[in-house]
Amino acid sequence: MELPPRPDFQSLETGIRAFWEQEGIYKFNPYSKMPVYSIDTPPPTISGKLHIGHAFSYAQADFIARYKRMRGFNVFYPFGFDNNGLPTERLAEETYKIKAKNMPRKEFVDICLKTSEAIEAQYKEVFFAMGLSCDWSLTYRTIEPKVQKKSQLSFLKLYEKGRVYRKLAPTIWCPRCETAIAQVELKDKEVESVFNYILFELEDGKKIEIATTRPELLPSCCAIFVNPEDMRYKHLIGKKARVPIFDFLVPIMADKRADPNKGTGIVMFCTFGDLTDVEWASAYGFEPKISIDQSGLLNELAGKYKGMRIKDARAAIIEDLKQNGLLVRQIPIKHNVNTHERCDTEIEFLLTNQWFVKYLDLKETYLKAGRKIKWWPKHMFARYENWIKGLQWDWCISRQRYFGVPFPVWYCKQCGLEMLADPDQLPVDPLKDFPKRRCKCGSTEFEPEKDVLDTWATSALTPLINADWPENEKLLKKIYPMSLRPNAHDIITFWDFNTIVMCLFHTGKAPFENIMISGHGLDRHGRKMSKSKGNVVLPLDIIKKYSADALRFWASSVKLGEDLNFKEEDLQIGLRNATKLWNTARFAAMHLKAKPKKPKRLHIIDSWLIQELNEVIDDATNAFEAYEYSKAKTIAENFFWNTFCDYYIEMIKYRLYSGKDKDSALWTLYNALLLQLKLFAPFMPFITEEIYQKLFKASERAKSIHLSGWPETYKVVRSKIAISVGRASVECIAAIRKLKKQKNLSLAHELEEITLYHPDIKNAKKAAEDIKETMRIKNIIFKKGSEILAT
RNA sequence: GGGCCUGUGGUCUAGUGGUUAUGACGCCACCCUUACAAGGUGGAGGUCGGCAGUUCAAUUCUGCCCAGGCCCACCA
């Protein structure tokens, strides 16, 4: 068997992918009796292009999938696409230069579907090229009818349990997307703003000063608060003040949430400027006065400012206050505001009808469930815990958008009562379908719910979607709770938390046994990749240039949970490793004609190598069991380059060429190489498969290295002496190399006689022949010395 | 402001309560050695972020500080 001098990674990887596909190497076997390892693959959001950061974290999950498969697990590794919701809408709008608002809904939804399909194909190409070992026949889309059905069923079941409710309530609102959003979708942004000190008049004509950054909310002012402990203002409590320009009276009240150190210590309470306002409204039972509409424009309550955008209204009101001498001063400040993470727009609080998942009452339950799951790395649990402790809002799951899973709900035109779809009519689109029953009031006239579900309400069901819940109880039993949820650390709150909540509601059980949190693949300077920053690196470009194996090798180079900056030159490392494996295989191929038989007696150097390898296998296995793939890789890498290539192979050459103890060398070479290929297989699935096919397939049973089983340690006679002899001989060889280097001699240069000093000459002497032959020394005089030295 | 994480030769990284602190890239020198020059060998380069403490001993443990990251709070 001969291998060509250089592998062509491109055609090699293409060929191997075709082979995997054709042979169904990664197919989940629902009938197998082997233990199942199920993976809840993150369905990527369909929002544009995948970059190297995506490749980074998906590769890490794949390392585990491949390891577990080699350990004999029946791996359930599906793929999904999250293509409903805002990101896909926005992408469609950008791609086709359209606005959802300005066209028939159905037409827009069709365009979104079309957009999504095209992007899915591109995504799949990338993940496929990377060598993800998914079973692609298990692919789902969150927008497809089958998934819609499950998502709607989930809603109906939650409704029955009293876990969802609809309510007119202050809601976090994005004026740009014109939809309600959830707490988790908020991001903060530091902006420049101005503290405006405005005069309010008391009934007795005296004036008080109030500082605000949002004078446009003056028409929404409901009351004024001072701190009850604040001696300066105690006398104001119970009095009334007149709101400037808008000219109406509001009460002055005391509340400890008013901070004496902020502004003037007097705060105006408006519906709704911020979360405190929302709290005040409910605490004191104020009727909200809403002056900003759903597009972010001021309404009739704002009088002459009606129709203005928030920022314009602010400027206009400030100008008018100035004119009337009511603006005392302006102090520029920087402060953080909440924005919608998808579009960066400052959010408002509006009074709207929305659907909520009631979940604030069960925080302890979620914590308990979270504690039962093994988090890798462990400390990531703290983020989950931290999030739950800070939760303040029920989960708003309705979105005033178009492309998504519809609510299976109508409202009675007569009495307004909610009418829910029957489970057997799902998936349902209330815009074109009708309820099966009449309303309790007898009416048959219904208004459809136009909103769609928050995309996370669907993607929080992925373990159940994968298990084909609730129809397929057998599959559910087999794969649920899922063995592994892999994702990056930024979506612990979005996805992990929501999934745990939803699955607890539906099954009473936490949905995962393990959660593995990866870091981010960032650009050279540690920034996230994004189109707007112009720092996006495309995985396919890298794969073309360096191979998928090299890309994966890069992704395995930091420990789990750590971020990694992408530097193109680092790809060389993986490429070199693949080439080295290839060349080592070529060397082995030159000597291995058939599967070598186990020799009667192992040469002492071979025994040493096998025992070192055993240790490596143990260490790598332990690392993988703790999801420390990078440790496993480093262990294998060091052994391969150092012990195996630099020393062991050099030490057996003389035996291979001379024939002395050749059987032992061949047997060791064959097995050590095979086991090392297996250690590398999760990281470099292509090159290891190619070598396996060319060199080992004929004599090994498995049709793919990825089904060939994880290496087991060899039960050779444990010989402590062999280990000492091997290590001593390595040290002696190193000393002789140093000597030759000092004399600027080639390593092949023959020397007549040298003297070797070594603390353990007894064992060094046992490998005298190997040392001599390897280093081409005719005679060695061994002397005991505290330092290892050759002269 | 709170939680969690990170800070190791020029760059990136491993690791440990105890001899000269791991490896890679880059750098220098030498070597065509019949698997591999996308290689081999040897070498230079680090007060392990700062300060204090615990200890016979700290890069490793504790506290504080500084810098960076992610998440949360703050928004009058």
Side-chain angles (χ1 to χ4, degrees), chain A residues 3 5-6 183-184 186-191 193 195-196 210-214 217 221 224-225 257-259 262-270 273-277 280 333 335-338 346-347 377-387 389-392 488-493 517 519-520 522 524 526-528 557-559 561-565 567 569-570 572-573 575-591 630-631 634-635 637-638 641-642 645-646 649-650 653 657 733-734 736-749 774-776:
Chain A
L3 299 180
R6 291 245 161 112
Q183 186 184 348
V184 74
L186 298 180
K187 228 174 104 175
D188 35 286
K189 184 170 89 170
E190 188 173 71
V191 294
S193 185
F195 241 148
N196 300 285
I210 295 180
T212 176
T213 56
R214 301 202 56 188
L217 285 174
C221 184
I224 283 166
F225 283 105
R257 278 167 282 203
D259 181 352
K262 240 178 198 172
T264 60
I266 311 177
V267 52
M268 67 173 193
F269 149 52
C270 305
D274 63 24
L275 199 56
T276 317
D277 291 338
W280 275 329
I333 55 160
H335 68 166
N336 287 318
V337 293
N338 274 325
E346 288 179 38
I347 58 101
K378 219 173 174 177
H379 67 255
M380 292 295 179
F381 173 71
R383 299 203 183 182
Y384 174 83
E385 197 174 22
N386 197 230
W387 169 254
K389 289 185 174 157
L391 269 180
Q392 321 199 39
H489 52 63
D490 56 334
I491 53 172
I492 292 173
T493 53
I517 302 293
H520 282 142
L522 305 168
R524 176 176 292 272
R527 298 171 309 174
K528 269 195 189 181
S557 63
V558 281
K559 68 178 169 206
E562 295 288 297
D563 293 343
L564 179 60
N565 296 0
K567 297 206 195 92
E569 57 269 29
D570 290 345
Q572 293 290 353
I573 299 167
L575 197 59
R576 275 184 41 225
N577 199 70
T579 308
K580 189 82 171 174
L581 280 171
W582 182 259
N583 284 319
T584 308
R586 278 183 67 213
F587 173 78
M590 282 169 48
H591 299 281
S630 77
K631 208 179 200 175
T634 307
I635 290 165
E637 193 185 6
N638 286 344
W641 283 77
N642 197 265
C645 290
D646 294 346
I649 286 185
E650 294 305 324
K653 275 180 181 170
Y657 290 117
I733 288 170
I736 298 169
R737 282 173 175 169
K738 212 168 179 170
L739 175 73
K740 287 195 175 181
K741 159 73 192 162
Q742 275 162 5
K743 299 190 170 175
N744 283 349
L745 297 172
S746 115
L747 293 176
H749 190 95
T774 304
M775 294 311 295
R776 310 213 179 165

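Chain A is the first sequence line, chain B the second, and so forth, proteins listed ahead of strands; every chain is numbered from 1.
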Tell me what A:Cys270 touches on the nucleic acid: a base, only sugar-phosphate, or nothing, going by heavy atoms under 4.0 Å.
-> nothing
Return the nucleotide paired to B:C4: Watson-Crick means purine N1 to pyrimidine N3 with N6-O4 or O6-N4, wobble means G-U with N1-O2 and O6-N3, both under 3.5 Å.
-> B:G69
Nucleotide nearest A:Val558 (side chain, heavy atoms from C-beta), chosen from B:A38, B:U13, B:A73 | B:U13
May I ask you to verify if any side-chain N or O of A:Lys389 is less than 4.0 angstrom from the OP1 or OP2 atom of B:A73?
-> no
Any chance the rings of A:His591 and A:Tyr657 have centres within less than 6.0 Å?
-> yes
Base, sugar-phosphate, or nothing: which does A:Trp641 touch, judged by heavy atoms less than 4.0 Å apart?
-> sugar-phosphate
Residue-phosphate contact under 4.0 Å: A:Tyr657 side-chain N/O, B:A35 OP1/OP2 = yes
State which of B:A14, B:A35, B:G42 makes the closest approach to the side chain of A:Lys559.
-> B:A14
Under 4.0 angstrom, heavy atoms only, what part of the nucleic acid is A:Phe269 near: base, sugar-phosphate, or nothing?
-> nothing
Can you tell which of B:A35, B:A73, B:G23 lies closest to the side chain of A:Asp188?
-> B:A73
Rounded off to whole Å, could you give me the CD1-to-P distance for the A:Ile517 and B:U6 pair?
-> 15 Å
Name the pairing partner of B:U19, where a pair is Watson-Crick or G-U wobble with both distances under 3.5 Å, or state none.
-> none
Any A:Gln183 side-chain nitrogen or oxygen under 4.0 Å from OP1 or OP2 of B:A73 | yes
Can you tell me how far P in B:G39 sits from the matching atom in B:C25, rounded to whole Å?
-> 8 Å
Please check the phosphate of B:A76 (OP1 and OP2 only) for any side-chain N or O of A:His335 closer than 4.0 Å.
-> yes
Identify the nucleotide, in any strand shown, that forms a Watson-Crick or G-U wobble pair with B:G53, with both distances under 3.5 Å; if there is none, say none.
-> B:C61
Should A:Arg737 be listed as having a side-chain N or O under 4.0 Å from OP1 or OP2 of B:U41?
-> yes
So does A:Lys631 reach the base of B:A14 with its side chain, donor to acceptor, closer than 3.5 Å?
-> no
